[in-house]
Visitor: 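So that we are looking at the same thing, I have put the structure below in structure tokens.
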There are 2 protein chains.
Amino acid sequence: MSRSDRCEISHIDEEHVRAVAPRLVDGLTATRLAETFKALSDPTRVRILSALSQGELCVCGLAAVLGMSQSAVSHHLRLLRTLRLVKADKRGRMVYYTLDDAHIEGLFRQGMEHVAHE
Amino acid sequence: MSRSDRCEISHIDEEHVRAVAPRLVDGLTATRLAETFKALSDPTRVRILSALSQGELCVCGLAAVLGMSQSAVSHHLRLLRTLRLVKADKRGRMVYYTLDDAHIEGLFRQGMEHVAHE
DNA sequence: CTCATATCTGAACATATACTCATATGTTGC
DNA sequence: GCAACATATGAGTATATGTTCAGATATGAG
């Protein structure tokens with residue numbers, strides 16, 4: 001941002017601004033939070049998580065349920081694995097995925113409530 | 001996806017796949033959910049919402065708190081407005097923003113819990 | 001070992017995103 | 001009316017994202 005900022009903040013807000021600033025989430029936390037939500041910010045991944053909320057599935061099964069290529073699903077699963085939203089369990093040549101964290105279903109439900117609120 | 005798909009799904013999973021498919025979130029709902037989460041998928045917006053969770057702020061105040069240009073903040077606020085995560089209240093030439101929906105704070109908290117779980 | 005299968009991965013490409021800059025709109029005070 | 005200010009918006013640009021395609025890796029069957 002350039003310091004051509006002329007905005008001096010109205011006198012009423014000035015103290016509020018100073019009070020809010022130190023209580024803000026720090027940059028690293030904000031980035032981590034954003035990454036978690038980013039995992040849920042794609043319709044395909046939402047559907048993957050929705051499917052897994054009903055029990056474990058192999059990659060092949062997920063691809064079948066979603067009507068997508070195995071490769072596309074695998075790419076998404078890698079992202080979800082990295083962010084620890086899903087767990088992979090390799091059994092033979094199959095890899096079974098499950099939700100990693102109970103919070104995920106909670107996030108899901110609350111998101112649904114917001115969407116329903118229209 | 002190309003129908004060069006040869007994956008026939010292991011016999012064990014086959015019935016599970018058929019059971020899961022009809023209970024999946026539909027495409028429109030998945031897209032809406034994804035859009036809501038996308039709103040939270042950027043560190044700047046996370047910080048905006050964190051700031052607003054402490055009370056209303058004008059655009060100028062937000063820009064000051066975040067150390068960003070007024071324009072950048074305004075662009076983000078438009079997105080958040082469109083998705084009904086924040087409300088705008090114009091008073092004179094100032095526009096004060098607040099969180100629109102109690103669910104947002106809940107989402108926030110649950111996201112934090114997941115991030116804390118490392 | 002060889003072949004088929006299940007999954008993963010990297011490159012390529014089209015689209016989406018976040019910011020900056022310049023400018024437009026709308027409000028207040030003169 | 002005009003000037004100063006708060007906010008909104010459109011164009012431009014650099015970067016990120018989602019998918020496809022081709023090919024790599026790994027397991028199981030024969």
Side-chain angles (χ1 to χ4, degrees), chain A residues 1-14 17 30-31 34-35 37-48 56-64 66-83 86 88-97, chain B residues 1-14 17 27 30-31 34-35 37-48 56-64 66-83 86-97:
Chain A
M1 66 173 286
S2 53
R3 270 293 94 194
S4 61
D5 258 28
R6 206 142 288 289
C7 176
E8 292 299 336
I9 307 160
S10 65
H11 303 301
I12 307 111
D13 271 28
E14 203 167 349
V17 165
T31 299
E35 276 173 351
F37 287 120
K38 186 163 288 178
L40 292 152
S41 75
D42 177 81
T44 298
R45 287 194 293 273
V46 165
R47 290 165 69 230
I48 288 176
E56 73 173 11
L57 272 170
C58 63
V59 178
C60 176
L62 274 169
L66 304 178
M68 298 190 56
S69 75
Q70 178 274 321
S71 179
V73 172
S74 186
H75 279 297
H76 284 296
L77 287 171
R78 171 159 54 164
L79 201 169
L80 293 171
R81 243 186 296 127
T82 303
L83 291 166
V86 303
D89 179 21
K90 184 162 184 174
R91 301 208 284 276
R93 54 185 152 176
M94 318 284 281
V95 179
Y96 291 91
Y97 283 85
Chain B
M1 66 171 288
S2 52
R3 267 297 94 192
S4 61
D5 258 29
R6 205 143 288 291
C7 178
E8 292 298 335
I9 306 162
S10 63
H11 303 300
I12 307 112
D13 271 28
E14 204 168 348
V17 165
T31 299
E35 276 173 351
F37 287 120
K38 186 163 287 179
L40 292 151
S41 75
D42 176 82
T44 298
R45 286 194 293 274
V46 165
R47 290 165 71 228
I48 287 176
E56 72 173 12
L57 272 169
C58 62
V59 178
C60 175
L62 274 169
L66 304 178
M68 298 189 57
S69 76
Q70 175 274 322
S71 180
V73 172
S74 186
H75 278 297
H76 283 297
L77 287 170
R78 170 159 57 164
L79 201 169
L80 293 171
R81 242 187 297 127
T82 302
L83 291 166
V86 303
K87 265 182 308 198
D89 179 22
K90 184 163 184 175
R91 301 208 284 275
R93 55 186 150 175
M94 317 286 283
V95 179
Y96 291 91
Y97 282 85

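What you see is a predicted model; the values in this text were computed from it and never measured. Letters A, B, ... are given to chains in the order of the sequence lines, protein chains preceding strands, and every chain is numbered from 1. The figures that follow rest on heavy atoms only: side chains count, while hydrogens, waters and symmetry mates do not.
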Visitor: Identify, between B:Leu77 and A:Arg45, the residue whose nearest nucleotide on DNA chain D lies closer to the 5' end.
Guide: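 Between the two, 5'-proximity favours B:Leu77.
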Visitor: To the nearest Å, give me how far apart NZ (B:Lys38) and P (D:dT17) are.
Guide: 10 Å
Visitor: From the list C:dG26, C:dT7, D:dT7, which nucleotide is the closest neighbour of the side chain of B:Val59?
Guide: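 The nucleotide sitting nearest to the side chain is D:dT7.
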Visitor: Run the numbers on B:Arg91 and B:Asp89 for salt bridge (charged side-chain N to carboxylate O under 4.0 Å, His left out), then give the verdict.
Guide: CA-CA 6 Å; B:Arg91 301 208 284 275; B:Asp89 179 22; 2.6 Å; yes
Visitor: B:Arg91 side chain N/O closer than 4.0 Å to the phosphate oxygens (OP1, OP2) of D:dA6?
Guide: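 For B:Arg91, the contact criterion (side-chain N or O under 4.0 Å from OP1 or OP2 of D:dA6) is not met.
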Visitor: Starting at atom CG of A:Leu80, determine the distance to atom P of C:dC8, rounded to an integer number of angstrom.
Guide: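 The distance from CG of A:Leu80 to P of C:dC8 comes to 12 Å, rounded to the nearest Å.
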Visitor: Between B:Ser71 and D:dA8, does any side-chain N or O lie under 4.0 Å from OP1 or OP2?
Guide: no
Visitor: Could you tell me whether the side chain of B:Gln70 has a donor or acceptor atom within less than 3.5 Å of a complementary atom in the base of D:dA6?
Guide: no
Visitor: Roughly how far, to the nearest 0.5 Å, is the OG atom of B:Ser71 from the NE2 atom of B:His76?
Guide: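 The OG atom of B:Ser71 is 9.5 Å from NE2 of B:His76, to the nearest 0.5 Å.
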Visitor: Compare the ring of A:His75 with the six-membered ring in the base of C:dT9 and state whether they stack (centres under 5.5 Å, planes under 30°).
Guide: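 Stacked: ring centres under 5.5 Å, planes under 30°.
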Visitor: Taking all atoms of both residues into account, what is the closest heavy-atom pair of A:Arg45 and A:Ala39, and its distance?
Guide: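 In terms of heavy atoms, the two residues are closest at NE-O, 2.8 Å.
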Visitor: How many Å lie between CE on A:Met68 and C1' on D:dC21, as a whole number?
Guide: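 Between C1' of D:dC21 and CE of A:Met68: 14 Å.
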Visitor: With a 4.0 Å cutoff (strictly under), does any side-chain N or O of B:Tyr97 reach OP1 or OP2 of D:dA6?
Guide: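 So the side chain of B:Tyr97 is outside the cut-off, no N or O lying under 4.0 Å from OP1 or OP2 of D:dA6.
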Visitor: Rounded to the nearest angstrom, tell me the gap between atom CZ in A:Arg78 and atom P in D:dT25.
Guide: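 Value for this atom pair: 15 Å.
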Visitor: If I take atom CZ in residue A:Phe37 and atom P in nucleotide D:dT17, what distance separates them, rounded to the nearest angstrom?
Guide: 16 Å
Visitor: To the nearest angstrom, how far is A:Asp42 atom CG from D:dT19 atom C1'?
Guide: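 So the two atoms are 10 Å apart, to the nearest Å.
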Visitor: May I have the distance from A:His76 (atom NE2) to C:dT9 (atom P), rounded to whole angstrom?
Guide: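 One finds 15 Å between P of C:dT9 and NE2 of A:His76, rounded.
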Visitor: Just to confirm, is there a sub-4.0 Å distance from OP1 or OP2 of D:dT20 to any side-chain nitrogen or oxygen of A:Ser69?
Guide: yes
Visitor: Heavy atoms, side chains only, cut-off 4.5 Å: are A:His75 and A:Leu79 in contact?
Guide: no
Visitor: Should A:Val95 and A:Leu77 count as side-chain neighbours, where that means a heavy-atom distance under 4.5 Å?
Guide: no
Visitor: Rounded to whole Å, how long is the line connecting atom CE of A:Met94 with atom P of D:dT25?
Guide: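 It is 22 Å, rounded to the nearest whole Å.
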Visitor: Both distances below 3.5 Å, Watson-Crick or wobble geometry, any strand: find the nucleotide opposite C:dT2.
Guide: D:dA29
Visitor: Of the listed nucleotides (C:dT7, D:dA26, D:dA8), which one gets closest to any side-chain atom of A:Lys90?
Guide: D:dA26
